[in-house]
Amino acid sequence: MKAIVSIIIPSMLRADLLKWNLFSLAQQKIPYPFETIVLNDGIPDDTERVCREYEQSLNLKYFFSGKRNLDGNIKWRGQGFAMNIGARIAAGSILILCDAEMYHLNDTVFYLAEPLLQKPNLIAIPGLGKNDWSGEFLRHIEERQGKYEPQALELCDDLRIRLPFLMAVSRSEFYSIGGFDEDFVGVWYEDDDLVGRLQMNACSYFETGAETVHLFHPRDKGEGVEERIALNEKLYFEKMSQIVRNQGREWGKLE
């Protein structure tokens, strides 16, 4: 049966966190046909092995999109590239955009997808989003083999739920604005750019009952990161009024 919902998860050197994403997804009750698309945008590592464990239960399709890194040098690009590839592959009319390091607290797929079945021009977001800045919540679930106690959420800060850490949009709306802008090759701002363009294209936010935690991972503090942030920031403000992007080129290409 053709998927109604496509869960798209890019992962770049995140196998240790992706496993908790997939573990918590597998606990959910999802009442309609769905597929899970994981794109390894890094190097051949444990990502594929983790995915194989959930091939059947999550109807999971694994793709390697990190061909550019096979010479041993990691070439950074924003995860919007992998999200675009996933959107092109997806069979579902509803796309759930999901970071690799998300841990799902309840039936997030149902909560996010259900409103879009009635009104496709929504941007469905969690009602509760937590950010595990300290890593304490990650340690908590690791010690409990993936389970958690509700009081552990008090260890977290609030997450910017209006960005696509975990978000549902219709595939038609995503396509109509040209997906993530592949000119954004630096750091940050590509998420703000995407949701800003969706809103300019008459989409509106809808807060749902979905609950999630963004698990701790080290932030990029390497050489040149400030320049890469400035690159995306400049582009963000220069192109702010332009809704449709990636025109005149093939976007979301799996090489």
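Below, all heavy atoms of this structure are taken into account, side chains as well, without hydrogens, waters or symmetry copies.
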Going through the checks in order, is the salt bridge (charged side-chain N to carboxylate O under 4.0 Å, His left out) test met by Arg68 and Asp41?
CA-CA 9 Å; Arg68 69 192 185 284; Asp41 206 42; 3.1 Å; yes
Can you check salt bridge (charged side-chain N to carboxylate O under 4.0 Å, His left out) on Arg52 and Glu55, steps first, answer last?
CA-CA 5 Å; Arg52 295 303 174 212; Glu55 210 165 13; 3.0 Å; yes
Could you walk me through whether Arg139 and Glu143 pass the salt bridge (charged side-chain N to carboxylate O under 4.0 Å, His left out) test, one step at a time?
CA-CA 6 Å; Arg139 282 188 283 274; Glu143 290 170 357; over 6 Å; no
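At least one donor-acceptor pair under 3.5 Å links the side chain of Arg171 to the backbone N or O of Ala90. A donor-acceptor pair under 3.5 Å is absent between the side-chain atoms of Gln27 and the main chain of Leu105, judged by distance alone. In this structure, Tyr189 contributes its side chain and Lys234 its backbone to no donor-acceptor pair below 3.5 Å. A donor-acceptor pair under 3.5 Å links the side-chain atoms of Asp107 to the main chain of Lys29, judged by distance alone. No donor-acceptor pair under 3.5 Å is formed between the side chain of Asp181 and the backbone N or O of Asn246. In this structure, Arg197 contributes its side chain and Ile177 its backbone to a donor-acceptor pair below 3.5 Å.
Heavy-atom minimum distance, Gly42 versus Asn69: O-ND2, 2.8 Å. Considering all non-hydrogen atoms of both residues, Ile9 and Leu25 come closest at CD1-CD1, 4.0 Å. Counting all heavy atoms, side chain and backbone alike, Phe81 lies closest to Val185 at CZ-CG1, 4.0 Å. Listed here is the closest heavy atom pair of Gly86 and Ile37: O-CD1, 3.8 Å.
In this structure, Tyr103 and Phe137 have perpendicular ring planes: the angle between them is above 60°, well past the 30° mark.
The side-chain heavy atoms of Asp192 and Arg160, taken from C-beta on, include a pair separated by under 4.5 Å. A 4.5 Å side-chain heavy-atom check between Leu39 and Ile8 finds at least one atom pair inside the cut-off. Put simply, the side chain of Ile96 does not reach to within 4.5 Å of the side chain of Ser6, judged on heavy atoms. Between Cys156 and Val213, some side-chain heavy-atom pair lies under the 4.5 Å cut-off. For the pair Tyr54/Lys19, no side-chain contact is recorded, criterion being any heavy-atom separation below 4.5 Å from C-beta on.
A donor-acceptor contact closer than 3.5 angstrom links the side chains of His104 and Asn21. A donor-acceptor contact closer than 3.5 angstrom links the side chains of Asn40 and Tyr62. No side-chain donor-acceptor contact under 3.5 Å links Asn121 and Ser204. Using modelled atom types and a 3.5 Å distance limit, the side chains of Thr108 and Glu211 yield no donor-acceptor pair.
Across Leu116, Val169, Leu194, Leu112, a single residue satisfies side chain to side chain contact (heavy atoms under 4.5 Å, CB included) together with Ile123, and that is Val169. Screening Thr212, Asp157, Asp158 for a side chain to side chain donor-acceptor pair (under 3.5 Å) with Lys130, the sole residue that qualifies is Asp158.
Environment of CZ in Arg144: crowded, with over 12 heavy atoms of neighbouring residues, nucleotides or ligands closer than 6.0 Å. No more than 12 heavy-atom neighbours from other residues, nucleotides or ligands sit within 6.0 angstrom of NZ on Lys67. Atom CD of Gln151 has more than 12 heavy atoms from other residues, nucleotides or ligands within 6.0 Å.
Once rounded to the nearest 0.5 Å, the distance linking CE of Met167 with OH of Tyr205 reads 4.5 Å. Here the straight-line distance linking atom CG of Leu17 with atom CG of Asp99 works out to 10.5 Å at 0.5 Å rounding.
Taking the six-membered ring for Trp and the full ring otherwise, His140 and Tyr148 have centroids separated by 6.0 Å or more.
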